[in-house]
Amino acid sequence: MEKDGSAPVNPFLALAIAEAEAAGRRGEVPVGAVVAKAGTVLASAGNRVEEWADPTAHAEILALRAAAKAIGSPRLDGCDLWVTLEPCPMCAAAISLARIRRLHFGAYDPKGGGVDHGPRVFDHATCHHRPEVVGGLEESRTAELLRAFFRERR
């Protein structure tokens, strides 16, 4: 237990939160992602959509690409993805194609999510791989990162 009586944050989620915070400092929507396998980080990334002028440069996509390159395979069998926000439909489809074993995410995204909201990509018959999904981890903390980011821009 932490000093305040709460459970310690998972180290992979803590790294994803750090990536989200760094993305926010760069002026990006603060989302971070980490791909890990057998207790080892293969890749981590934060959003770079604005910096790279690339609508696909979401944290999840960047982390999946880097992890695939690190292991030399487009299939990330046995890998887990930790992300600070419920993945959008594009990222959910990429997670399925990468064969991620387990998806862990922080804040839910009722407007843009593609896992528990919106199109629920993993529920479709055409989805070839459905990862185990654990949502709502550190939800208040990860949601506050996003609220604070958008509050400063309004």
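If you're wondering where the values come from, they're calculated on a predicted model, not measured in any experiment.
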Verify, without hydrogens or angle tests, whether R130 (side chain) and H124 (backbone) share a donor-acceptor contact under 3.5 angstrom.
yes
Answer yes or no: is there an ion pair linking E144 with R141, defined by an N-O contact shorter than 4.0 Å?
no
State the NE2-OG distance between H129 and S96, to the nearest 0.5 angstrom.
6.5 Å
Any side-chain heavy atom of F150 within less than 4.5 Å of one from V29?
yes
Before giving the answer on side chain to side chain contact (heavy atoms under 4.5 Å, CB included), spell out for D109 and C88 the whole-Å C-alpha distance, their side-chain angles and the decisive distance to 0.1 Å.
CA-CA 8 Å; D109 188 356; C88 72; over 6 Å; no
Quick one: are P30 and L146 in side-chain contact, heavy atoms under 4.5 Å?
yes
Do the non-hydrogen side-chain atoms of H104 and V83 ever get within less than 4.5 Å of each other?
no
For residues E138 and L13, determine if any side-chain heavy atom of one lies less than 4.5 Å from a side-chain heavy atom of the other.
yes
Using a 4.5 Å cut-off on heavy atoms from C-beta on, say whether the side chain of K37 contacts that of D80.
no
Verdict with reasoning, V115 to F122, per side chain to side chain contact (heavy atoms under 4.5 Å, CB included):
CA-CA 7 Å; V115 176; F122 303 140; 3.8 Å; yes
CH2 (W82) and CG (L137) are apart, to the nearest 0.5 Å, by 6.0 Å
For E86 and H117, indicate whether the former's side chain and the latter's backbone hold a donor-acceptor pair under 3.5 Å.
yes
State, to 0.1 Å, how close S44 and L15 come at their nearest heavy-atom pair, and which atoms those are.
CB-CD2, 4.0 Å
Do R147 and E152 meet the salt-bridge criterion of a basic N to acidic O distance under 4.0 Å?
no
What distance separates L145 CG from S140 OG, expressed to the nearest 0.5 Å?
10.0 Å
Any chance you could measure F149, atom CZ, to R25, atom CZ, to the nearest 0.5 Å?
12.5 Å
Nearest heavy-atom neighbours spanning A16 and V34
N-CG2, 3.5 Å
Residues L103, E132; criterion side chain to side chain contact (heavy atoms under 4.5 Å, CB included); working and verdict
CA-CA 6 Å; L103 166 64; E132 181 181 331; over 6 Å; no
For residues V121 and V133: do they belong to one hydrophobic cluster (side chain heavy atoms under 4.5 Å, members Ile, Leu, Val, Met, Phe, Trp, Tyr)?
yes
Ignoring hydrogens and angles, write down the donor-acceptor pairs under 3.5 Å from the side chains of residues 56-72, residues two or more places apart or on other chains.
residue : atom : partner : partner atom : Å
T56     : OG1  : D54     : OD1          : 2.7
T56     : OG1  : D54     : OD2          : 3.3
H58     : NE2  : P55     : O            : 3.3

One thing to verify: whether E51 and R26 come together as a salt bridge, which I'm taking to mean a side-chain N less than 4.0 angstrom from a carboxylate O.
yes
Locate the shortest heavy-atom distance separating F12 from A36; write the atom from each residue and the value.
CE2-CB, 3.6 Å
Point-to-point distance, once rounded to the nearest 0.5 Å, from CZ of R102 to CG of L81:
12.0 Å
Could you state whether V134 and V41 fall into the same hydrophobic cluster, counting links through intermediate Ile, Leu, Val, Met, Phe, Trp or Tyr residues with side-chain heavy atoms under 4.5 angstrom apart?
yes
Test log, rule side chain to side chain contact (heavy atoms under 4.5 Å, CB included), inputs L85 and Y108:
CA-CA 6 Å; L85 179 65; Y108 289 91; over 6 Å; no
Note: P87 and A92 closest approach over all heavy atoms is CB-N, 4.1 Å
Would you give the length of the straight line joining atom CG of N47 to atom OG1 of T84, rounded to the nearest 0.5 angstrom?
8.0 Å
Which heavy atom in G32 sits nearest to a heavy atom in E19, and how many Å separate them?
CA-CB, 3.8 Å
Quick test of your reading of the model: are D77 and R99 salt-bridged, counting only N-O distances below 4.0 Å?
no
